[in-house]
Amino acid sequence: MVGFIILAVLSFAAAVGVVAARTPVHSALYLIGNVVTLAVFYLLLNAEFMAAAQVIVYAGAIMVLFLFVVTLLTAGKEERERSEGLPGQRALSGFLAITAGVLLAGVAVRYSAGPSVRPFASGYGSLPAMGRLLWGPGFDYLAVVALMLLTAALAVLVLNRAVDDGRRPAKVKEDPS
Amino acid sequence: MILLSVVITIVKVILLVGILMTGFAYTMLLERRLLGFFQLRLGPNRVGPMGLLQPLADAVKMLTKEDLLPSAADPLVFRLAPVVALFAALAVDAVIPFGAPIHLFGLTISLDIANPGIGLLYVFAFSSLGVYGLVLAGWASQNKYSLLGGVRSSAQLISYELAMGLSVLGILITVGSANLETIVQFQAHHWWFVFTQVIPFLVFFTTAMAETNRIPFDLPEAESELVAGYHTEYSGIRFAMFYMAEYINMITASGMAVTLFFGGWSGWSFLPPIIWFLLKVGAFIFVFIWIRATLPRFRYDRLMNFGWKVLVPLAFVYVLATAALASGAI
């Protein structure tokens, strides 16, 4: 319980940092912190494979790509522009956050009477158990997700296909702003 | 009993960090002396017998240098970056089994700090975090060369990590476990994987060299183009931390290659297992240095082409073949 509270505070602080930080690279760093605390949550829940996958995929690959783009674009370390991207995005995001918070609180109150989950079977969440689940009863979902990702990858290739001489990618128009 | 195991773990952590730090210092000396011999000169041989006290002199020098902070730099991230790099480098070694479990005063002590079922995934998780040190250092320095170095390192890591992951899948299929101790035991009782997985071993070794940013893959620091890249602006102890991370990464990569493909601590019984492990790791470190003294640096586009068009397909085809063999389809 103590570990949970410490982790929750860290995770919450990192999440607030993502929106509150003025420099995009700092936001990305807070997001990495948040991702890593989530991985430790998974570890506490006996899901060691999920924890490793979380770090490898999110912290190790996706956030590296994020940082790649952010460091390139904000090389001069200017402060983020204060103007809003979408009209009313702050109000909308606030509304969504409050709704999600209320829903989560509702779940917490509803199940506060006591543990309604069964204790873990031995080996639950380990790599072999995950493998048996994914390639056994969960295989249909796995196949659908694989198909979806393949489609997305092909779409990227099609959208970036060569236009001018058949070898080079099409030139991106200069943004007038 | 719990207290005892906690104490044992703490002692093991301190020992491991001590060994790795000493290993870093003497790997560096070995590299400088060997490079000297490769280039028909002597290398550092003045401090102590055969230059053996050179690391001590270097340490004193590094610790007494001024700790510079560029005026345009982001102070927090600038100071954080070398810590991240060194932490990730040290953390990976926690799961590598350095020897067979030893029996001491009626206790069985395994020669790794932790032995999780997801050992191999743990290694990949922490080795992929090491790149943050480089990227953040490059960005926080606010120097165009540093930034280019950081950007290069992230692109390089993303490209080569994939091939590295694919190259060890064959071992997972054959052993049926990601636990490093189980993988070593399997090799001790059956065969070393370097004999059945030759191509994956070569892919793994190449990608490991790329992930440790060693020549010929040292594009993030490329002193002739980028003026040392991501660590241009660093001095004193923070500069030394980047060097520690690089050399400890080299030791780790050697240790992983030995664990996965060369039977870990297994060997003939006239030497204790830990000595076999250290001998094999030493041989790998020598090969790393040898390659550095032999090959020129890759050009950037060739690095990317090599990673995506040669290493990934090679590793992938071999995984398919291993899977087909293991499932009895062939």
Side-chain angles (χ1 to χ4, degrees), chain A residues 17 21-33 35-36 38-40 42-43 46-79 122-132 135 153 157 168, chain B residues 70 72-74 76-78 80-81 84 88 91 95 114 116-144 146-159 161-162 164-165 172-173 176-179 182 211 230:
Chain A
R22 291 261 68 93
T23 330
V25 172
H26 289 176
S27 289
L29 276 178
Y30 280 118
L31 191 51
I32 295 164
V35 162
V36 172
L38 280 187
V40 185
Y42 291 142
L43 215 53
N46 214 11
E48 52 176 23
F49 173 73
M50 280 298 288
Q54 169 91 359
V55 174
I56 293 175
V57 174
Y58 286 95
I62 293 178
M63 287 315 295
V64 173
L65 282 179
F66 257 65
L67 263 186
F68 179 86
V69 175
V70 170
T71 50
L72 260 187
L73 294 184
T74 63
K77 201 186 145 202
E78 297 97 8
E79 298 249 306
S122 87
Y124 179 84
S126 69
L127 192 54
M130 273 309 276
R132 273 192 292 276
W135 294 90
L157 287 182
R168 287 158 198 281
Chain B
D74 185 316
L76 185 69
V77 180
F78 187 82
L80 184 72
V84 171
V95 294
I118 49 157
L120 198 52
L121 295 179
Y122 172 93
V123 170
F124 277 99
F126 273 97
S127 64
S128 65
L129 289 185
V131 71
Y132 285 121
L134 279 59
V135 179
L136 294 177
W139 175 80
S141 298
Q142 292 295 312
N143 165 331
K144 64 185 94 161
S146 301
L147 182 74
L148 277 174
V151 166
R152 275 184 179 186
S153 78
S154 56
Q156 184 173 319
L157 179 106
I158 291 277
S159 310
E161 200 178 38
L162 196 63
M164 189 186 234
L172 287 193
I173 292 171
S177 167
N179 183 313
T182 316
E211 291 218 353
Y230 63 92

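These numbers come from the heavy atoms of this one structure, side chains and all, not from hydrogens, waters or symmetry mates. Lettering of chains follows the sequences in order, A, B, ..., and the numbering in each one begins at 1. These numbers come from a predicted model, not from an experiment.
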How close do [X] and [Y] get, heavy atom to heavy atom, and via which atoms?
X	Y	value
B:I158	A:A61	CD1-O, 3.6 Å
B:L121	A:A52	CB-CB, 3.8 Å
B:L129	A:A59	CD2-CB, 3.8 Å
B:A155	A:F68	CB-CE1, 3.9 Å
B:S154	A:V64	CB-CG1, 3.6 Å

To the nearest 0.5 Å, how far apart are CG in B:L120 and CG in A:L127? 9.5 Å

Can you tell me how far CG of B:L134 sits from CG of A:L67, rounded to the nearest 0.5 angstrom?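 Rounded to the nearest 0.5 Å, the CG-CG separation comes out at 12.0 Å.
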
Counting C-beta onward and ignoring hydrogens, is there a side-chain heavy-atom pair between A:E48 and B:Y122 closer than 4.5 Å?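 The answer is no, as the side chains (C-beta and beyond) never meet within the 4.5 Å cut-off.
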
With a 4.5 Å limit on heavy-atom distance, are the side chains of A:V25 and B:L136 in contact?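 When only atoms from C-beta onward are counted, B:L136 and A:V25 do touch, with a gap below 4.5 Å.
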
Which region of [X], side chain (C-beta onward) or backbone (N, CA, C, O), has a non-hydrogen atom less than 4.5 Å from a non-hydrogen atom of chain A, or is it both or neither?
X	answer
B:Y132	side chain
B:L157	side chain
B:V151	both

Tell me, yes or no, whether the heavy-atom count around B:F124 atom CZ, taken from other residues, nucleotides or ligands under 6.0 Å, exceeds 12. yes

Taking everything shown except A:Y58 itself, do over 12 heavy atoms lie less than 6.0 Å from its OH? no

